[in-house]
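What follows is a single structure, written as structure tokens, with notes after it.
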Amino acid sequence: MYERLGASFKVENWWPAESEFEIMIGAILTQQTTWENVEKVMTDLKANGLLDVDSLVRIDNDTLEEIVMPAGFYRQKASRIKGLAEYIKVHYDSNPLAIMNRPLEEARRELLSIRGIGEETADSMLLFAGHKPKFVAASYVSRILKRTGILDSEDYDEIQRYVESIVPPKPEIYAKFYALLIQLAKTHCKARPICGGCPLERECAFSVRKGE
DNA sequence: ACCCAGGTGGCCC
DNA sequence: GGGCCACATGGG
């Protein structure tokens, strides 16, 4: 799959950002939202010089909510972003990368303890901001594995363990494979499948005519 | 007028 | 440990 999807999709610079902290903020903003909506927020955050820990701690909540609005769930997300910034300021002297330097599983548990950071968001941060070998078992990944008959599971940890047991544990490979799967999902494997031209149509057990 | 998006947390049993 | 639900804007 890795090689065949790689021949079908270009996923270079797939998570564009000017800093690791920007990726961490993006990971929260993109929860249950399209990246296009996140970009508007990111542009606005950048324009207001808010992409650093101390500025986010300082900014008043109403202003931040207004900026976050286009990404949806804006009250939750604004407070989650603020909470993350405050956590890093208090525990890591405002250095967002310090947490990534801890042993992987400890860093993961610590991220999970922060409000608004669940498994997928934590792993996105570890993989894309921390460059750690953690595969992100997003719902799209689950859907593709299910429809292709590779693994029928909704359990995050099980899906992650499965992929990590097969794919070589290199951050670049996890990141590219993840990007390829999400790209595949966005073009062909949405809730309503778009099967024409899908590079995996032949082995997919749930192409449109069979239904789900 | 629907359905869906690169989830998370809270509450119920 | 599962099954709902709220959270919210923006695009098809």
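Throughout, a chain's letter reflects where its sequence line sits, starting with A, and its residues are numbered from 1. This is a predicted model, so every value here is computed, not measured.
Atom-to-atom, OH of A:Y156 to P of B:dG9 comes out at 13 Å; the value is rounded to the nearest Å. Straight-line distance from the CD atom of A:E39 to the C1' atom of B:dA5: 14 Å, rounded to whole Å. Between the CD1 atom of A:I159 and the P atom of B:dG7 there is a distance of 12 Å, rounded to whole Å. Atom CZ in A:F9 sits roughly 14 Å away from atom P in B:dG6 (whole-Å rounding). Put simply, CG on A:N37 is 8 Å from C1' on C:dG11, counting in whole angstrom units. A:R192 places its CZ atom 17 Å from the C1' atom of C:dG11, with the value rounded to the nearest Å. What separates CD of A:Q31 from C1' of B:dG6 is a distance of 10 Å, to the nearest Å. When the P atom of C:dT9 is taken as reference, atom CD of A:E66 falls 13 Å away, rounded to whole Å.
Between A:E203 and A:R147 there is no salt bridge, since no side-chain N of the basic residue sits under 4.0 Å from a carboxylate O of the acidic one.
Against DNA chain C, the stretch residues 10-18 of chain A makes no heavy-atom approach under 4.0 Å. Within residues 108-135 of chain A, the residues having any heavy atom closer than 4.0 Å to DNA chain B are, in order of number, A:I114, A:R115, A:G116, A:I117, A:G118, A:E119, A:E120, A:T121.
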Please tabulate, one pair per line, all N/O donor-acceptor pairs under 3.5 Å involving side-chain atoms of residues 165-185 of chain A, not counting sequence neighbours.
from	atom 1	to	atom 2	distance (Å)
A:S165	OG	A:R161	O	3.4
A:S165	OG	A:Y162	O	2.7

Let me check something: any side-chain donor-acceptor pairs from residues 131-141 of chain A under 3.5 Å, sequence neighbours excluded? List them with distances.
from	atom 1	to	atom 2	distance (Å)
A:H131	NE2	A:E20	OE1	3.4
A:K132	NZ	A:M100	O	3.3
A:K134	NZ	A:E105	OE2	3.4

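One distance of note links CG of A:L56 with CG of A:L45; it measures 7.0 Å at 0.5 Å rounding. Atom CZ of A:R202 is separated from atom OG1 of A:T148 by 15.0 Å, given to the nearest 0.5 angstrom. With rounding to the nearest 0.5 Å, the separation of CD1 in A:I99 from CD in A:E110 is 4.0 Å.
Side chains of A:I81 and A:L29 form a contact here, defined as non-hydrogen atoms less than 4.5 Å apart. Residues A:F21 and A:I88 meet the side-chain proximity criterion, which asks for heavy atoms closer than 4.5 Å.
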Checklist entry - What string of B, S and - do you get for nucleotides 3-8 of chain C, 5' to 3', when a contact is any protein heavy atom under 4.0 Å? => result ----BB
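Comparing B:dG6 with C:dG3, their C1' atoms are spaced 24 Å from each other, to the whole Å.
By the side-chain hydrogen bond (donor to acceptor under 3.5 Å, both in side chains) test, A:E39 pairs with A:W35, sequence neighbours left out.
Considering only side-chain N and O atoms, A:R143 lies nowhere under 4.0 angstrom from the phosphate OP1 or OP2 of B:dC4. Taking only side-chain nitrogens and oxygens, A:T30 never comes nearer than 4.0 Å to OP1 or OP2 of B:dG7.
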Checklist entry - Run the side chain to side chain donor-acceptor pair (under 3.5 Å) check on A:Y156 and A:D123 step by step: do they pass? => result CA-CA 11 Å; A:Y156 187 96; A:D123 292 338; 2.6 Å; yes
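At least one donor-acceptor pair under 3.5 Å links the side chain of A:N95 to the backbone N or O of A:L97.
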